[in-house]
Participant: 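Sharing a structure below in structure tokens format, with a few things to ask.
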Protein chains: 2
Amino acid sequence: MQLNAFWRIIKLMKHAINQKPDYEKELRKAGVRITRPRRIILDILTSTEDHPDAMKIFHRAIEIDDSISLSTVYRTMNLLEEMGAIHRHAFNGGPSRFEQAHGEHHDHLIDVDTGDVIEFQSDKIEKLQEEIARALGYDIIHHRLELYGRKSKPSE
Amino acid sequence: MQLNAFWRIIKLMKHAINQKPDYEKELRKAGVRITRPRRIILDILTSTEDHPDAMKIFHRAIEIDDSISLSTVYRTMNLLEEMGAIHRHAFNGGPSRFEQAHGEHHDHLIDVDTGDVIEFQSDKIEKLQEEIARALGYDIIHHRLELYGRKSKPSE
DNA sequence: ATGCAAATGCAAATGATTTGCAAAAAGAAA
DNA sequence: TTTCTTTTTGCAAATCATTTGCATTTGCAT
Ligand SMILES: [Mn+2]
Ligand SMILES: [Mn+2]
Ligand SMILES: [Zn+2]
Ligand SMILES: [Zn+2]
């Protein structure tokens with residue numbers, strides 16, 4: 001939980017300095033063409049703190065270039081996911097939501113009333129997951145932990 | 001992990017004795033009509049160990065009564081979920097999959113190669129989740145923990 | 001048995017995402 | 001830059017899982 005705070009600060013500093021991860025270089029190296037739509041979408045992803053879905057990304061994108069199509073957003077999200085540049089979430093069972101893959105691994109707590117997404121990280125839980133998988137004879141490829149909660153009343 | 005083994009045995013014993021939870025009575029008490037499709041679907045859910053999706057349930061159902069429709073399966077799953085008789089999962093991002101709510105709470109490990117679903121339970125993790133939520137000022141309403149893994153090579 | 005609200009089957013509607021295809025753009029080469 | 005080849009795009013139509021409108025049937029309290 002202390003580490004969490006640390007990384008949050010790092011993230012904020014990066015944001016302040018505008019030092020975004022250079023996905024363009026990475027993608028180019030992997031033989032991916034950097035097109036105008038892709039650059040715009042990457043910019044949107046690297047400059048937000050939230051977890052937008054395809055439609056929200058689309059709306060932010062057409063604000064910058066109204067010729068971008070929704071299918072391109074979807075295609076780009078699939079591409080970036082395959083390249084490991086973003087993570088895809090399916091909270092509740094709603095539409096896919098995305099966030100850039102940069103930064104520390106974390107899990108999510110979703111406020112069931114407001115929809116707010118709060119990030120957290122627990123080394124202990126990660127360790128326990130590994131132990132459990134190992135005991136069952138498995139190596140974890142990836143995992144998903146989501147807590148759905150409601151603000152606790154201070155009293156009571 | 002020891003508790004887990006205990007409950008697994010209980011479950012197997014119940015299954016062996018064919019002592020299914022009496023959902024019919026519960027549902028009736030809640031003012032829900034017990035129709036032929038609902039009885040059949042409930043039977044399917046209470047007599048399987050796996051996590052079938054709507055289509056699979058539909059196919060098993062028409063084997064017993066070929067007049068049952070897929071929409072009724074969907075409607076019934078929604079009803080049973082609201083009544084708390086079943087749980088809904090969305091592994092990977094695929095279609096909803098269901099299991100009866102009876103028995104102990106557990107989480108899932110999905111074999112990414114075979115699709116097998118392995119159930120496990122960890123009091124430690126559950127406790128940690130509570131702690132984390134509390135520290136963030138939240139009460140957990142529900143949660144979802146899924147491990148995606150691959151059988152570990154014994155050597156190496 | 002009777003009556004009526006609730007549930008069903010079917011087909012058509014939805015919402016999210018994918019896909020085929022002709023036109024446009026990216027990057028390598030000249 | 002111009003040219004060339006390959007990839008990507010926008011658009012519309014297709015898919016997939018799931019929901020919904022509606023006329024018809026059914027459960028079940030009287
Ligand atoms: Mn985690
Ligand atoms: Mn759990
Ligand atoms: Zn996040
Ligand atoms: Zn299960």
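Order of the sequence lines fixes the chain letters, A, B, ..., with proteins taken first and strands second; residue numbering starts at 1 for each chain.
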Participant: Looking at DNA chain D, which of residues 58-71 of chain A put a heavy atom within less than 4.0 Å of it?
Facilitator: A:Ser67, A:Ile68, A:Ser69, A:Ser71
Participant: May I have the distance from B:Ile40 (atom CD1) to C:dT8 (atom P), rounded to whole angstrom?
Facilitator: 11 Å
Participant: Are B:Glu119 and B:His51 side-chain neighbours, meaning at least one heavy-atom pair lies under 4.5 Å?
Facilitator: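 Yes; the side chains approach each other to less than 4.5 Å.
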Participant: In dot-bracket form, 5' to 3', how is DNA chain D paired? Count Watson-Crick and G-U wobble pairs only if both distances fall under 3.5 Å, and write | where the partner sits on another strand.
Facilitator: ||||||||||||||||||||||||||||||
Participant: Does anything in residues 72-86 of chain B come within less than 4.0 Å of DNA chain C? Heavy atoms only, and list the residues if so.
Facilitator: B:Thr72, B:Arg75
Participant: Between B:Ile68 and B:Ile62, which heavy-atom pair has the shortest distance, and what is it?
Facilitator: O-CG2, 3.6 Å
Participant: Residues two or more places apart in sequence or in another chain: which of them pass salt bridge (Lys or Arg N to Asp or Glu O under 4.0 Å) with A:Asp66?
Facilitator: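 With sequence neighbours excluded, A:Asp66 shows a salt bridge (Lys or Arg N to Asp or Glu O under 4.0 Å) to no residue whatsoever.
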Participant: How long is the straight-line distance from CD1 of B:Ile44 back to CD1 of B:Ile64, given to the nearest 0.5 Å?
Facilitator: 4.5 Å
Participant: With sequence neighbours excluded, tell me which residues meet side-chain hydrogen bond (donor to acceptor under 3.5 Å, both in side chains) with A:Arg97.
Facilitator: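 In terms of side-chain hydrogen bond (donor to acceptor under 3.5 Å, both in side chains), with neighbours along the sequence ignored, A:Arg97 is linked to no residue.
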Participant: With sequence neighbours left out, which residue pairs that include part of residues 51-60 of chain A fulfil the salt bridge (charged side-chain N to carboxylate O under 4.0 Å, His left out) condition?
Facilitator: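 Sorted result for residues 51-60 of chain A: A:Asp50-A:Arg60.
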Participant: Among all residues two or more places apart in sequence or in another chain, which pass the salt bridge (Lys or Arg N to Asp or Glu O under 4.0 Å) test with A:Asp139?
Facilitator: none
Participant: Determine whether A:Ile86 and A:Met77 make a side-chain contact, defined as any pair of heavy atoms from C-beta on separated by less than 4.5 Å.
Facilitator: yes
Participant: Reading nucleotides 24-30 of chain C 5' to 3', which nucleotides get B (base under 4.0 Å from a protein heavy atom), which S (sugar-phosphate only), which -?
Facilitator: --BS---
Participant: Just grab all the salt bridge (charged side-chain N to carboxylate O under 4.0 Å, His left out) pairs involving residues 84-95 of chain A, residues at least two apart or on different chains.
Facilitator: A:Glu81-A:Arg88
Participant: I'd like the 5' and 3' limits of the part of DNA chain D contacted by chain B, with heavy-atom contacts below 4.0 Å.
Facilitator: D:dA17 to D:dC28
Participant: Please report the distance, rounded to the nearest Å, between NE2 in A:His89 and P in C:dA16.
Facilitator: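 Nearest whole value for this atom pair: 19 Å.
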Participant: Answer yes or no: is there a side-chain heavy-atom contact under 4.5 Å between B:Arg150 and B:Asp111?
Facilitator: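 Side-chain contact under 4.5 Å: no.
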Participant: Determine whether the aromatic ring centres of residues A:His89 and A:Phe98 are separated by less than 6.0 angstrom.
Facilitator: no
Participant: Report, one line per pair, each donor and acceptor closer than 3.5 Å where one atom sits in a side chain of residues 25-38 of chain B; sequence neighbours left out.
Facilitator:
residue : atom : partner : partner atom : Å
B:Thr35 : OG1  : B:Arg38 : N            : 3.3
B:Arg36 : NE   : B:Asp65 : OD2          : 2.9
B:Arg38 : NH1  : B:Arg33 : O            : 2.7

Participant: Please tell me if the side chains of B:Glu126 and B:Asp107 come closer than 4.5 Å, counting only heavy atoms from C-beta onward.
Facilitator: yes
Participant: Not counting sequence neighbours, list each pair that qualifies as a ring pair (Phe, Tyr, Trp, His ring centres under 6.0 Å) and has a residue in residues 122-152 of chain A.
Facilitator: A:His105-A:His143, A:His142-B:Tyr148, A:Tyr148-B:His142
Participant: Rounded to the nearest 0.5 Å, how far apart are CG of A:Leu145 and CG of B:Leu147?
Facilitator: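 Reported to 0.5 Å precision, the distance equals 9.5 Å.
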